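Computed from a predicted structure; not experimentally measured.
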Amino acid sequence: MNNSQFRTQNSKLNFLEILSGFPNQKIAVIGDLILDKYLFGDVDRISPEAPVPIVKITGEKYVPGGAANVAANLAGLGCQVKLIGTCGKDAQAKELKTLLANQDISHFLYAHGGQPTISKTRILAGNQQILRIDEEKCQSITTDSASLISEHLLSILDEIDCLILSDYGKGLLLDFHFVQNIITKCNECGKAVLIDPKGNDWRRYSKASCITPNTKELSLVSFFSEDGCDDNLKKAARTVQVDYQIGRLLVTRGDKGMYLIGSDEEIMIPTQAKEVYDVSGAGDTVIACLAAGVAAGLSWSEAAHLSNIAAGIVVGKVGTQPIFYQDLASYLQNQIRNQANKVVD
């Protein structure tokens, strides 16, 4: 076995050891909660009323979406999760709470009487999405909601290992002072803050431990073009990291993998995906696995590699689906066996 093969096999053994410690990790998630609904059906003709397909519904399912999907990924990995956010006083909120309870996700959801629970309904024929229907009312968090959520976070801060802010641009994390107050309190307590960003104003994310944009999200706050070369990506990421005093950026690049940059590290990570059926929720998987890995003792670069593997698994599934401990463990075990067989051959 040469040195490269040894390092590869040893890193995967290390990942397996770290995975076994995930149930000890306590991670909080604050963000925009979404209820994802899937309607499955068949299409065999076009409507006579308009040039649109007629979908005969054969099944349906509900899954946690948005920040709730980040929590579902953490729970799937075995972590202890505390989910914080807002919802409406409606049937969708009841359904979402039931889903969270079924996955043992502890939650503090502040209910708005005049604001509906955000929901997205996707209609699929086979594995093809035909239509998506969004129900939402986006508005910045109220002073009362901000105070209650901040107070709740303070009450549990000593109990958690790190915090994820999952920003879907629906209102909860739009207020500069609210987000900065959260980051400041976590920094004072030595708790890492990881953020999945949204929008073109990242001032509210300043001094976060790590931000995980995709290339489109990075382009909104820099001179970088989505189809730009690697050198331009590196320059853009470094500029953003320095300007907003962010510990590091993990840029997800689709079929090009990931790019991690920090004050003392820089690494390109090739993609792990073999087949891509649906990228919905892949970013949630990345930040959840990254947080779990760092909380469990991996370096940021090691945790980024593990997140890349996890993302490669979930994009091979249809619809918003979280990563599960066994998915990741089985993949790593198979890789170790394959590497061992190559050495023997």
Assess whether salt bridge (charged side-chain N to carboxylate O under 4.0 Å, His left out) is satisfied between D36 and R122, documenting all intermediate values. CA-CA 8 Å; D36 282 342; R122 296 173 176 88; 3.2 Å; yes
Between I156 and F108, does a side-chain contact (heavy atoms from CB on, under 4.5 Å) hold up when you go through it step by step? CA-CA 11 Å; I156 65 170; F108 174 82; over 6 Å; no
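In terms of heavy atoms, A237 sits closest to Y259 at CB-CE2, 3.9 Å. Taking each heavy atom of L218 and P213 in turn, the nearest pair found is N-CB, 4.0 Å. Considering all non-hydrogen atoms of both residues, C138 and G169 come closest at SG-O, 4.4 Å. Minimum interatomic distance between S166 and V70 (heavy atoms only, all atoms of both residues): OG-CG2, 3.7 Å.
Here the options are K235, R253, K256, the test is salt bridge (charged side-chain N to carboxylate O under 4.0 Å, His left out), and the partner is D230; only R253 passes.
Side-chain contact, D90 with T117: a donor N or O sits under 3.5 Å from an acceptor N or O. If you check the side chains of N73 and T285, you find a donor sitting under 3.5 Å from an acceptor. E135 and S119 are linked by a side-chain donor-acceptor pair at a separation below 3.5 angstrom, with hydrogens and angles left out of the test.
With sequence neighbours excluded, no residue forms a side-chain hydrogen bond (donor to acceptor under 3.5 Å, both in side chains) with S106. In this view, Y110 and H112 satisfy the ring pair (Phe, Tyr, Trp, His ring centres under 6.0 Å) rule, not counting sequence neighbours. Applying the side-chain contact (heavy atoms from CB on, under 4.5 Å) criterion to S47, with sequence neighbours excluded, gives E49, V52, I54. Residues satisfying the ring pair (Phe, Tyr, Trp, His ring centres under 6.0 Å) criterion with Y168, sequence neighbours excluded, are absent altogether.
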Enumerate donor-acceptor pairs with a distance under 3.5 Å from any side-chain N or O in residues 77-86 to protein atoms, sequence neighbours excluded.
| unit_1 | atom_1 | unit_2 | atom_2 | d |
| --- | --- | --- | --- | --- |
| Q80 | NE2 | P23 | O | 2.9 |

Report all side-chain donor-acceptor pairs from residues 91-102 shorter than 3.5 Å, counting only partners two or more places apart or in another chain.
| unit_1 | atom_1 | unit_2 | atom_2 | d |
| --- | --- | --- | --- | --- |
| T98 | OG1 | K94 | O | 3.0 |
| N102 | ND2 | T98 | O | 3.3 |

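If you take CG on L250 and CD1 on I261, they are separated by 11.5 Å, rounding to the nearest 0.5 Å.
Under the 3.5 Å distance criterion, the side-chain polar atoms of E265 are left unmatched by any main-chain donor or acceptor of G262. Checking side-chain atoms of D161 against main-chain N and O of K26 turns up a donor-acceptor pair under 3.5 Å. Of the possible donor and acceptor atoms, none in the side chain of N308 sits under 3.5 Å from a partner among the backbone N and O of A304.
A salt bridge does not link D32 with K198: none of the charged nitrogens is closer than 4.0 Å to a carboxylate oxygen.
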